[in-house]
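Notes follow once the structure below has been shown.
Along the sequence shown, residues carry numbers from 1.
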Amino acid sequence: MRIKPGFELRNVCGENVIISSGRENIDFTKLISMNASAADIWKAVFDKEFTVDDMVAALMNEYEVDEETARKDCEALAKSGIEAGFIEGGF
């Protein structure tokens with residue numbers, strides 16, 4: 001998987017949001033907001049190929065969470081990212 005070019009994580013008024021910087025990515029019907037742990041995963045995998053295992057490792061490195069919970073959350077985040085169009089590829 002990879003974060004699709006043209007998407008960036010920004011902090012807007014204290015909220016982590018994903019914005020699109022390319023015309024082909026613009027969709028003003030959605031605002032993608034991320035909690036702190038999702039933003040930390042984004043930062044760990046941004047601008048490189050990654051797997052759910054990479055996401056799990058990043059989450060476990062940053063937070064005290066067991067692997068089963070981390071995997072469940074990372075799989076959900078990856079699925080949401082693919083559906084929203086900011087992650088390309090699959091797992």
Open item on the list: Tell me every residue that passes side-chain contact (heavy atoms from CB on, under 4.5 Å) with Ala70, counting only those two or more places apart in sequence or in another chain.
Closed with: Val56, Leu59, Met60, Val65
Open item on the list: Once side-chain contact (heavy atoms from CB on, under 4.5 Å) is applied, do any residues pair with Ala38, and if so which ones, sequence neighbours excluded?
Closed with: Met34, Asn35, Leu77
Pairing residues for [X] by the side-chain hydrogen bond (donor to acceptor under 3.5 Å, both in side chains) criterion, not counting sequence neighbours:
{"X": "Arg2", "result": "none"}
{"X": "Thr69", "result": "Asp66"}
{"X": "Asp40", "result": "Tyr63"}
{"X": "Asn61", "result": "none"}

Task: Criterion ring-ring contact (aromatic ring centres under 6.0 Å, His included) on Trp42 and Phe7, from CA distance to verdict - done: CA-CA 11 Å; Trp42 175 287; Phe7 287 91; 7.7 Å; no
Task: Ile3 and Val45, any side-chain heavy atoms less than 4.5 Å apart - done: yes
TODO: Decide yes or no for Phe46 and Leu9: does some side-chain heavy atom of the first lie under 4.5 Å from some side-chain heavy atom of the second?
DONE: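 A side-chain contact under 4.5 Å is absent here.
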Open item on the list: Quick check for you: to the nearest 0.5 Å, what is the distance between Asn16 atom CG and Ser33 atom OG?
Closed with: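 Atom-to-atom, Asn16:CG and Ser33:OG are 7.0 Å apart.
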Open item on the list: Just verifying a value: how many Å separate Cys74 SG and Lys79 NZ, rounded to the nearest 0.5 Å?
Closed with: 15.0 Å
Open item on the list: Among residues at least two apart in sequence or on other chains, which ones pass salt bridge (Lys or Arg N to Asp or Glu O under 4.0 Å) with Glu8?
Closed with: Arg10
- [ ] Using ring-ring contact (aromatic ring centres under 6.0 Å, His included) as the criterion, list what pairs up with Phe50, not counting sequence neighbours.
- [x]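 Testing Phe50 for ring-ring contact (aromatic ring centres under 6.0 Å, His included), a comparison that skips the adjacent residues, returns none.
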Open item on the list: With salt bridge (Lys or Arg N to Asp or Glu O under 4.0 Å) as the rule and sequence neighbours excluded, what pairs involving residues 51-61 come up?
Closed with: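 For residues 51-61, and leaving out neighbouring residues, the salt bridge (Lys or Arg N to Asp or Glu O under 4.0 Å) pairs sorted by first residue read Asp53-Arg71.
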- [ ] Output, in order, the C-alpha distance, side-chain angles, deciding distance and verdict of side chain to side chain contact (heavy atoms under 4.5 Å, CB included) for Lys4 and Ile87.
- [x] CA-CA 5 Å; Lys4 190 175 177 181; Ile87 293 178; over 6 Å; no
